[in-house]
Chemist: 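This is the structure, below, for whatever I ask next.
Because the structure is predicted, anything quoted here is derived from the model rather than measured. If you read the sequence from its start, that first residue is 1, and numbering goes on from there.
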Amino acid sequence: MLTRKQHELICFISDRLNETGVSPSFEEMKEALDLKSKSGVHRLISALEEREFIRRLPNRARALEVLRMPERGDAKKSAPAVTAKVDKSPTTLPPAANDVVEIPLHGRIAAGTPIEALEGSTMLPVPAALLGAGEHYALEVAGDSMVEAGILDGDFALIRRTETARDGEIVVALIDDVEATLKYFRKEGAMIRLDPANRDYNPQRYRPDQVRVQGKLAGLLRRY
């Protein structure tokens, strides 16, 4: 038996596929179901996948397929059909949250390599749902200083550009305009402390004028 929200979501997806041939974006699903965040949509999608009502098609944008529809009474509460207003005007729609976008891949983040020196390199395709708002770039992680945070050598760190950070956030910090590093950012009195996530490494302490935040971690990609 489906919950009311699960029932509403599969009806919304089915109606949109019938109308346009393209499944709705995560943002459209969030608004249609009056959810507060896209994480709620992800949970509903996963639940419908587990119950084999829908499936995601690999390597395709906005790729949801309805395998079967529930009985109209198959919900904990009767759920009204969810419909969406389709704008017929020739405007450009924003990319779906589960689309793939390309962001600059600026090489390996390693000691002695400023981020600026890596500009203009190749592009990395990334699921848009991993990024959110803002400008992003990717770095290939070198070394094991962040392994206890689940960040391994060879991973691709997805970084949102920003020049500010709060305590406890994982940032790309440029030290003395020379050395770039991926570490936890913390303020310690009048100093900036950059903490590794590996007990074999010691924290690094710098004056605020020595450290420039270049971005903070937004997501992670890993090859197997």
Chemist: I'd like to check the side chain to side chain contact (heavy atoms under 4.5 Å, CB included) partners of A218; sequence neighbours left out, ordered by chain and number.
Modeler: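 Listed in chain order: H136, R160.
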Chemist: Can you measure from CG (N198) to CD1 (I151) and round to the nearest 0.5 angstrom?
Modeler: 12.0 Å
Chemist: With the side chain counted from C-beta on, respond yes when I159 and L217 share a heavy-atom pair under 4.5 Å apart, and no when they do not.
Modeler: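 Of all side-chain heavy-atom pairs linking L217 with I159, at least one is under 4.5 Å.
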Chemist: Tell me, do T122 and L105 make a side-chain contact under 4.5 Å, heavy atoms counted?
Modeler: yes
Chemist: Might you point out which heavy atoms bring A190 and P208 nearest each other, and give the distance in Å?
Modeler: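 Scanning both residues, the minimum pair turns out to be O-CD, 3.2 Å.
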Chemist: Is there a side-chain contact between M69 and C11 in this structure, where contact means two heavy atoms from C-beta onward sitting under 4.5 Å apart?
Modeler: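 The answer is yes, as the side chains (C-beta and beyond) meet within the 4.5 Å cut-off.
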Chemist: So which heavy atom on P196 is nearest to which on S145, and how close?
Modeler: CB-O, 3.4 Å
Chemist: To the nearest 0.5 Å, what is the distance between CZ (F26) and CG (L64)?
Modeler: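 Spacing of CZ (F26) from CG (L64) equals 6.0 Å.
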Chemist: Please examine the side chains of I103 and Y137, heavy atoms only from C-beta on, and report whether any two atoms are closer than 4.5 Å.
Modeler: no
Chemist: Using the salt bridge (Lys or Arg N to Asp or Glu O under 4.0 Å) rule, pick out the option among R186, K183, R205 that qualifies with D195.
Modeler: R186
Chemist: Going through the checks in order, is the side-chain contact (heavy atoms from CB on, under 4.5 Å) test met by L139 and L182?
Modeler: CA-CA 10 Å; L139 293 167; L182 187 70; 6.0 Å; no
Chemist: Within the side chain of D167, is there an N or O that forms a donor-acceptor pair under 3.5 Å with the backbone of K187?
Modeler: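 Yes; judged by distance alone, with no hydrogens or angles, the pair exists.
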Chemist: Could you identify which residues cluster with V147, counting Ile, Leu, Val, Met, Phe, Trp and Tyr as linked when any side-chain heavy atoms lie under 4.5 Å apart, either directly or through a chain of such contacts?
Modeler: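 Cluster partners of V147: L152.
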Chemist: Could you check M29 against I13 for side-chain contact (heavy atoms from CB on, under 4.5 Å), going step by step and ending with a plain yes or no?
Modeler: CA-CA 8 Å; M29 288 186 270; I13 294 171; 3.9 Å; yes
Chemist: Please say yes or no: joined through hydrophobic side-chain contacts below 4.5 Å, possibly via intermediate residues, are M146 and Y201 part of one cluster?
Modeler: no
Chemist: Identify the heavy atoms of Y184 and A149 that sit nearest to each other, and give their distance.
Modeler: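 Reported closest heavy-atom pair: OH-CB, 3.6 Å.
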Chemist: Quick check: closest heavy atoms across E28 and F12, and the distance to 0.1 Å?
Modeler: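 Taking every non-hydrogen atom into account, O-CE2, 3.9 Å.
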Chemist: For L221 and L124, what are the C-alpha separation, side-chain angles and deciding distance, and is it a side-chain contact (heavy atoms from CB on, under 4.5 Å)?
Modeler: CA-CA 10 Å; L221 285 179; L124 179 71; 4.1 Å; yes
Chemist: Can you tell me how far the CG atom of L9 sits from the CD1 atom of I54, to the nearest 0.5 Å?
Modeler: 6.5 Å
Chemist: Please report the interatomic distance CG(D176) to CZ(R212), rounded to the nearest 0.5 Å.
Modeler: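 Interatomic distance, D176 CG to R212 CZ, rounded to 0.5 Å: 10.5 Å.
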Chemist: Roughly how far, to the nearest 0.5 Å, is the CZ atom of F53 from the NE2 atom of H7?
Modeler: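 Between H7 NE2 and F53 CZ, I get 8.5 Å after rounding to 0.5 Å.
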Chemist: Has the side chain of E52 got a donor or acceptor atom that lies under 3.5 Å from a matching backbone atom of L67?
Modeler: no
Chemist: Looking only at heavy atoms, what is the nearest atom pair of M191 and R207, with distance?
Modeler: CE-N, 3.7 Å
Chemist: Donor-acceptor check, side chain of R51 to backbone of A47, threshold 3.5 angstrom: yes or no?
Modeler: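 Yes, because the side chain of R51 sits within donor-acceptor range (under 3.5 Å) of the backbone of A47.
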Chemist: How many angstroms lie between CG in L33 and CD in E8, if you round to the nearest 0.5 Å?
Modeler: 5.0 Å
Chemist: What residues join F185 in its hydrophobic cluster, counting side-chain heavy atom gaps under 4.5 Å, either direct or through other members?
Modeler: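 Grouped by the 4.5 Å side-chain rule, V171, I175, I192, L194, Y206, V211, V213 form the rest of the cluster around F185.
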